[in-house]
Protein chains: 2
Amino acid sequence: MSTRRIPDATVGRLPVYLRVLLELASTGEATVSSEQLAELAGVNAAKVRKDLSHLGSYGTRGVGYDVEYLRFEISSRLGLAHESPVVIVGLGNLGRALANHAGFRERGFIVAALYDSDVEKVGTEVYGHVIRDIADLGPATQLDIAIGVIATPPVVAQNVADRLVAAGVRAILNFAPTVISVPEEVALRNVDLSLELQILSFYQQREEPGSAEVALGVEHDRR
Amino acid sequence: MSTRRIPDATVGRLPVYLRVLLELASTGEATVSSEQLAELAGVNAAKVRKDLSHLGSYGTRGVGYDVEYLRFEISSRLGLAHESPVVIVGLGNLGRALANHAGFRERGFIVAALYDSDVEKVGTEVYGHVIRDIADLGPATQLDIAIGVIATPPVVAQNVADRLVAAGVRAILNFAPTVISVPEEVALRNVDLSLELQILSFYQQREEPGSAEVALGVEHDRR
DNA sequence: TAGATTGTTAATCGATTAACAATC
DNA sequence: TAGATTGTTAATCGATTAACAATC
């Protein structure tokens, strides 16, 4: 198989492979085998080959994968050929940390705008960006290509999501611990920090080994 | 079936059900049907019943589930009967936001200690906690019941993980964008903020509707 | 009893993995 | 040619979901 629909599980691992490839490129490695890539990404070698086969045939039998070529291919597939603007709504502790997160820029994302509803915060600057009033976020705002990040209290999260969608946003990362609903064509992912701790709490108090890793598709130590 | 091994996918949804049950309890609801719970948790009703059946038979046919009873059951199963200490290593933007995250305390987690390697930071206070030297984190530190949070740069993450494990930590939440390995008996979960944006970038640039939600087990809008 | 809703079964779907033919 | 490694097949496993008998 080659360029058909890429499974969700595979999409979730492509950024991990990309990270590993960037490291390999920086140390001057020209090629990498599925076995090496698997070791570095913390997954099974068969899984790596299966995942990459969904993108096409970019390896060479007997040799491996060209690091630079594969890096470019995965980048394009993920839509990282050009930098993407990120709009952050809610500038509490987490929102401010995200606004200044170095990793975003390193991975091709640029903080383009900040919004909050607190009149005390609106107009002030955070890391060089003036905080705008959430009331100004709506159909008139052109944000078609941006990714929206919700870092508000849960009670207003749905309202914020609606505003982002009205502004044309088609991808939302929600940190508010609540279920929000968006139209089918909008991509949504949720990150709930307390939920992560609660899941860990479950595996920690069990006697058996913590298969929390399995849930994330991460392999156990093979050293 | 009743009290056998709980599937990983189910464990990942229990905190969501718990959150919904807490809301229902606060509005005075005494019982809830799988249909209602499903709607509020953003999942399928059959999935709710299947998930809850792994805990035991806590519902009443024709009636539904007792909100308070179910809340208590899920809490105990997740090991949330008592508060758990959290140790945060790395106090950059993200680490500090986590140290002051109100949601942690609300969900039964207490920040117990902070560690960093920066001599400028060691000894200073962050939200009432003195930052300790990471060099002092090791076998002598008794952290058996704590959950370790890694919010350091990726290069030192493995070293930090090893120190946490040596100190007795059996559950780790890793925010550093790198693969770390831990002994089989230690539960590990990874949260990579840039990775989330990269996944969203993939679904955003596709023409078809964003099934990023599917990947998280979250349902589409049914309004 | 009639209506409602659980708990479980079974079908289906997607993800993982070992194995190996293809081929560099 | 011999050795290495991909790409694919097929078996297996786990998760999802509809359907419905059990039962309040």
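Remember, predicted model here, so these are calculated numbers, not experimental data. Chain letters run A, B, ... following the sequence lines, proteins first and then strands; every chain starts at 1.
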Do any of residues 25-36 of chain A sit with a heavy atom less than 4.0 Å from DNA chain D, and if so which?
A:S33, A:S34
Between A:V63 and A:A46, name the one whose nearest nucleotide on DNA chain D is closer to the 5' end.
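On the 5' side of the pair lies A:V63.
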Which of these nucleotides, D:dG7, C:dG7, D:dA18, is closest to any side-chain atom of B:N44?
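Ranking D:dG7, C:dG7, D:dA18 by closest atom to the B:N44 side chain puts D:dA18 first.
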Of the listed nucleotides C:dA18, D:dT6, C:dA10, the one nearest the side chain of B:K50
C:dA10
What is the distance, to the nearest angstrom, from the [atom1] atom on [X] to the [atom2] atom on [N]?
X     : N      : atom1 : atom2 : result
B:R5  : D:dC13 : CZ    : C1'   : 13 Å
A:H54 : D:dT9  : NE2   : P     : 12 Å
B:D51 : D:dT16 : CG    : C1'   : 10 Å
A:R61 : C:dC24 : CZ    : C1'   : 9 Å
A:Y58 : C:dC24 : OH    : P     : 17 Å
B:R49 : C:dT9  : CZ    : C1'   : 12 Å

A side-chain contact here means heavy atoms from C-beta on lying under 4.5 Å apart; do B:Y65 and B:L52 qualify?
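Yes, their side chains come closer than 4.5 Å.
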For a quick test of reading the model: is some side-chain N or O of B:Y65 closer than 4.0 Å to OP1 or OP2 of C:dG7?
yes
Can you give the dot-bracket line for DNA chain D, using ( ) for pairs inside the strand, [ ] for pairs that cross earlier ones, | for pairs with another strand and . for unpaired bases, where Watson-Crick and G-U count if both distances are under 3.5 Å?
..||||||||||||||||||||||
Heavy-atom donor-acceptor pair, B:S53 side chain to B:K50 backbone, under 3.5 Å
yes
Within the distance-only criterion (no hydrogens, no angle test), does the side chain of B:E73 pair as donor or acceptor with the backbone N or O of B:Y58 below 3.5 angstrom?
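A pair under 3.5 Å: no.
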Do any pairs count as a salt bridge (Lys or Arg N to Asp or Glu O under 4.0 Å) and have a residue in residues 94-111 of chain A, sequence neighbours left out, and if so which ones?
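Not a single pair qualifies under salt bridge (Lys or Arg N to Asp or Glu O under 4.0 Å).
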Charged N-O contact under 4.0 Å between A:D192 and B:R19:
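A salt bridge is present here (some side-chain N lies under 4.0 Å from a carboxylate O).
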